Visitor: 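This is the structure, below, for whatever I ask next.
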Amino acid sequence: ALIGPLTKVTPAGSLREARARLDAERFDLVLLDLSLPDGSGESLLTDLEDFNHGSTPVIIFSAQEVTAEMADSVSANLVKSRTSNDSLVEKIRALIGNRASEGSTVGHAA
C-alpha cells in the first residue's frame, strides 16, 4: 500500500516460499527481511544469483544490523526502527525508477 497502486508486491512469508517465487518469476526489486520463520534471509542473497537475478536490486529492511560485507552486497540496508515509511518508499522508488510507472513487481520476503 505504501508503494502505490502501479506496483505489484509479491509477498513471501518464508525462505521456502521466497525461493519458489524467485525460481518462478523475475522481480524489479527484492525487499528482504533477515528474520524469517524458517531461517535467515541472508541465504536468499546467494539464491538471487543462482536464479539469475544478479542484477535485481535488493533492499535489506530488517530489525537487525548487518555486517559491512553484507551491506556492501545489496543496494540498500535499512533498519526498521530507524527508517520512516517515507524513507523506505523513497528508496524503493529510487531503485525501481521509471519502471514503477510501468507496473513494477517487488518481491517482499518478510
Side-chain angles (χ1 to χ4, degrees):
L2 289 174
I3 301 170
L6 298 177
T7 303
K8 176 186 170 193
V9 176
T10 304
S14 67
L15 287 173
R16 182 179 181 175
E17 187 177 357
R19 285 185 177 109
R21 292 195 185 278
L22 287 170
D23 189 35
E25 46 184 313
R26 298 262 323 149
F27 295 95
D28 296 310
L29 177 102
V30 172
L31 185 62
L32 179 62
D33 192 336
L34 298 179
S35 299
L36 297 171
D38 55 347
S40 172
E42 181 179 357
S43 66
L44 289 176
L45 296 174
T46 303
D47 292 345
L48 284 165
E49 292 185 21
D50 291 346
F51 290 118
N52 200 22
H53 295 271
S55 63
T56 302
V58 176
I59 298 174
I60 293 177
F61 187 56
S62 193
Q64 61 199 53
E65 297 282 344
V66 300
T67 64
E69 181 181 346
M70 190 184 316
D72 288 343
S73 71
V74 296
S75 303
N77 171 43
L78 305 172
V79 178
K80 289 180 178 181
S81 63
R82 295 192 307 251
T83 305
S84 69
N85 287 343
D86 290 340
S87 295
L88 174 61
V89 170
E90 182 179 309
K91 183 57 73 175
I92 290 169
R93 287 189 176 150
L95 288 170
I96 60 176
N98 293 330
R99 290 180 279 182
S101 62
E102 300 169 5
S104 292
T105 302
V106 176
H108 179 229

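Both backbone and side-chain heavy atoms feed into the values below; hydrogens, waters and symmetry mates do not. Position 1 is the first residue of the sequence; numbering continues from there. Since the model is a prediction, treat every value here as computed from it, not as a measurement.
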Visitor: With sequence neighbours excluded, what pairs up with D38 under the side chain to side chain contact (heavy atoms under 4.5 Å, CB included) test?
Guide: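 S14, L15, R16, L36.
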
Visitor: Taking side chain to side chain contact (heavy atoms under 4.5 Å, CB included) as the definition, give me every residue that meets it alongside S81, ordered by chain and number, with sequence neighbours left out.
Guide: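 Side chain to side chain contact (heavy atoms under 4.5 Å, CB included) list for S81, sorted by chain: V79.
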
Visitor: Determine whether a donor-acceptor pair (N or O, by modelled atom type, separation under 3.5 Å) exists between the side chain of R26 and the backbone of T56.
Guide: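 Not at all, since once roles are kept as given, no pair shorter than 3.5 Å links the two residues.
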
Visitor: Can you give the donor-acceptor pairs under 3.5 Å from side chains of residues 61-75 to other protein atoms, not counting sequence neighbours?
Guide:
{"from": "S62", "atom 1": "OG", "to": "D33", "atom 2": "OD1", "distance (Å)": "3.0"}
{"from": "S62", "atom 1": "OG", "to": "L34", "atom 2": "N", "distance (Å)": "3.3"}
{"from": "Q64", "atom 1": "OE1", "to": "S35", "atom 2": "OG", "distance (Å)": "3.1"}
{"from": "E65", "atom 1": "OE2", "to": "R82", "atom 2": "NH1", "distance (Å)": "2.8"}
{"from": "E65", "atom 1": "OE2", "to": "R82", "atom 2": "NH2", "distance (Å)": "2.6"}
{"from": "T67", "atom 1": "OG1", "to": "M70", "atom 2": "N", "distance (Å)": "3.1"}
{"from": "S73", "atom 1": "OG", "to": "M70", "atom 2": "O", "distance (Å)": "2.7"}
{"from": "S75", "atom 1": "OG", "to": "V58", "atom 2": "N", "distance (Å)": "3.3"}

Visitor: If you compare all heavy atoms of P11 against all heavy atoms of E17, which two are closest, and at what distance to 0.1 Å?
Guide: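 Closest approach of P11 to E17: O-OE2, 3.5 Å.
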
Visitor: Taking the side chain as every heavy atom from C-beta outward, state whether L22 and L44 have any pair of such atoms under 4.5 Å apart.
Guide: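 Side-chain contact under 4.5 Å: yes.
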
Visitor: From I59 CD1 over to I92 CD1, what is the distance, rounded to the nearest 0.5 angstrom?
Guide: 5.0 Å

Visitor: Roughly how far apart are L31 CG and K91 NZ, rounded to 0.5 Å?
Guide: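 Here the interatomic distance stands at 12.5 Å.
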
